[in-house]
Amino acid sequence: MRWLLSILLMLLPAFAQGEEVVLGLSKDNVAITTSFNGSEILIFGAVKRESPIDAENPLEVVITVAGPSEPVVVRRKANRFGIWVNTDAVEVDLAPSFYAVATTGPFNEVLSNTEDFRHKISIDRAIRSVGAPANISDAEAFTAALIRINRSKDLYQMLEGQIALDEQTLFRTRIDLPADLTEGNYATRIFLTRDGQIVSQYETAIEVHKVGMERFLYTLSRENPVVYGLMSLVIAIAAGWGASAGFQLLRNS
Amino acid sequence: MQIYLPIAEVSVNAFLLLGLGGMVGVLSGMFGVGGGFLMTPLLFFIGIPPAVAVATEANQIVASSFSGVLAHFRRKTVDLKMGTVLLVGGLTGAALGVVVFNYLKSLGQVDLLVKLCYVVFLGVVGGLMFIESLQALRKARRSGGSPAPRRKQRGWVHALPLKMRFRTSGLYISVIPPVIVGIFVGILSAIMGVGGGFIMVPAMIYILGMPTKVVVGTSLFQIIFVTAFTTMLHATTNFTVDIVLAVLLLVGGVIGAQFGTVIGARMKAEQLRILLAGLVLLVCGKLALDLLLQPNELYNLGTAGGH
């Protein structure tokens, strides 16, 4: 089913006006090192076309970058017996760990609702929430809270009008990745739209991964937890003893 | 200088971590508490995921206690025999505590219970210590600065069987109370993610009647083993021990603990106790306010099936 869809998507530009994306990325992989403190990615490209530019319906560009998705539990606090406790909880089936949408203009003008629904482009649509427990009537409030919290941490970004488009051909934008990134492939999609309809789309991935010591420690902690735990204890005790002995030497000298 | 923590998956300032470690280390050396009850909430505050904070804290306590206990060994203020008896109870308690913790986790209210545990225990222990040391200070002042007379405890503790002689502490008591204290502290330390010194120290002074001088070293000795056990449990089941975070905290902490031990040795026992009581009450008050006041954000996010 999925490959069929992707073949259809690949054929799509051919049926459209013959406009195609030629893409460039300032980097296609982000290495998380010890001193990692966020990263900036420049996404730029050009529209390749055989026919002359359609002047009546201006071309618009929408770019999305999505981190790996996972289920998230959203809990709500309520006052019970004078203290604030978690009472209701809704599990959101899949929510991207990072999601940014950049457009050339106001989102609703650039993309029609139907296309948004079909390709799950806006932040609301990128989150999949199938159903809430029967005792919760306001499930939307929970997904709204998820978006609000992640937006405040810059994990979800709505960058309306942040893509520069020159001569209907050259486009570029900048996405800031925050410091607390999860590892994985960050799916990057570029949509060309006219009159709210998608005329072409292009997809690539930005790889975010840990390197060096970060990589080594992470892998060890997952694959050899006993070794990792013992190593942590030995390092801790050695540091404790070493500092203690060093301090003693300092005082005696 | 920002540093990316591999397990916590967040980027934080390395000097902030060193500073926090140092500050808590001074307190740890002064009072013989691991400092976990202070460090764990501080780590939440700077944005470390709670599960990682609790597990890493256990690892860091091992190190800061280790350097502290070495200083106490040199001054011969560790009662090894009492420490071993407490440890037997402590390990049993920690294993029990993990079972209780996992049960509460399955009920989905573990955060609340951890916080309530903090408020109740910190409040009771801090309040009792504060009142007691205030009275001791007042008594000392009234009698013209001479030290308060030591209370001889001749209660139920001395009526139990299985008596053992603890030379360093100068006690001849049953092993049952120390084992029970150990189990109790073990359970609490597993649930609350702390070393348990803040419960252990008063329990040793007021229940077992140990001299304040040996209490700090002995509790540090016991805490090392219980927290090492907890670290291994967390590392193998939840994969939440962040060694980079732990090393940064302990580099600050170890140095701080050395200064703390020196400061602690120069201060009077009553002053030490009243300061610890004040600190315990302060943390308790902060946590209580968090529970009582309406939070700015009513919603919070968690990974499915976890914290």
Side-chain angles (χ1 to χ4, degrees), chain A residues 32-38 70-79 82-86 89 91 141-142 144-146 148-150 152 178-183 210 213-218 221-222 225-226 228-233 235-245 247-248 251, chain B residues 1-12 47 56 59-60 62-68 70-71 74 108-109 111-112 116 224 228 231-237 239 241-244 246-247 250-251 253-255 257-258 290-295 297-306:
Chain A
I32 300 180
T33 57
T34 312
S35 57
F36 182 72
N37 187 27
E70 54 186 30
V72 174
V73 178
V74 185
R75 294 193 178 87
R76 180 169 56 194
K77 284 187 164 72
N79 202 329
I83 54 173
W84 290 88
V85 296
N86 287 335
E91 186 170 332
F142 286 80
L146 169 74
R148 188 172 63 239
I149 292 169
N150 279 335
S152 71
D180 40 351
L181 282 185
T182 341
E183 271 193 301
K210 294 169 177 151
M213 188 181 77
E214 309 285 312
R215 168 88 274 155
F216 168 74
L217 290 174
Y218 185 83
S221 77
R222 292 298 186 278
V226 176
Y228 179 83
L230 287 173
M231 186 192 75
S232 304
L233 285 175
I235 291 176
I237 288 171
W241 181 81
S244 176
F247 198 82
Q248 204 64 28
R251 278 178 57 199
Chain B
M1 190 184 79
Q2 293 287 320
I3 188 157
Y4 185 88
L5 305 171
I7 310 296
E9 300 190 315
V10 289
S11 178
V12 286
T56 306
N59 192 15
Q60 194 245 332
V62 177
S64 59
S65 305
F66 192 79
S67 79
L70 285 183
R74 272 192 294 274
Q109 286 297 354
D111 283 2
L112 171 72
L116 278 179
I224 287 175
T231 305
M232 284 309 290
L233 281 177
H234 279 300
T236 50
T237 57
F239 316 112
V241 178
D242 195 313
I243 182 70
V244 175
V247 163
L250 72 86
V251 166
V254 157
I255 296 165
Q258 298 293 328
D290 284 350
L291 287 176
L292 292 172
L293 298 180
Q294 176 164 4
E297 177 62 82
L298 281 180
Y299 295 84
N300 57 82
L301 308 180
T303 51

**Student:** Between A:A141 and chain B, which part of the residue has a heavy atom less than 4.5 Å away: side chain, backbone, both or neither?
**Tutor:** both

**Student:** Tell me, side chain or backbone of A:I235 under 4.5 Å from chain B's heavy atoms, or both, or neither?
**Tutor:** side chain

**Student:** Need one label for B:V247: side chain, backbone, both or neither, based on atoms under 4.5 Å from any heavy atom in chain A.
**Tutor:** side chain

**Student:** List in chain and number order the residues that pass side-chain contact (heavy atoms from CB on, under 4.5 Å) with A:I149, two or more places apart in sequence or in another chain; answer none if no residue qualifies.
**Tutor:** A:K153, B:E297, B:Y299, B:L301

**Student:** Which residues satisfy the side-chain contact (heavy atoms from CB on, under 4.5 Å) test with B:L233, sequence neighbours excluded?
**Tutor:** B:V98, B:F229

**Student:** Quick one: pull up CD1 in A:I237 and CD1 in B:I224 and give me the separation to the nearest 0.5 Å.
**Tutor:** 7.0 Å

**Student:** Measure across A:A236 and B:N59 and return the closest heavy-atom pair with its distance rounded to 0.1 Å.
**Tutor:** CB-OD1, 3.6 Å

**Student:** Please classify the contact of A:F142 with chain B as side chain, backbone, both or neither, using a heavy-atom distance under 4.5 Å.
**Tutor:** both

**Student:** A:G229 and B:A235: which non-hydrogen atoms are nearest, and at how many Å?
**Tutor:** CA-CB, 3.8 Å

**Student:** Need one label for B:A228: side chain, backbone, both or neither, based on atoms under 4.5 Å from any heavy atom in chain A.
**Tutor:** both

**Student:** Provide the closest heavy-atom pair for A:V226 versus B:M232 in the form atom of the first, atom of the second, distance.
**Tutor:** O-CE, 3.7 Å

**Student:** Check each atom of A:Y228 against the heavy atoms of chain B and say whether the ones under 4.5 Å are side chain, backbone, both or neither.
**Tutor:** side chain

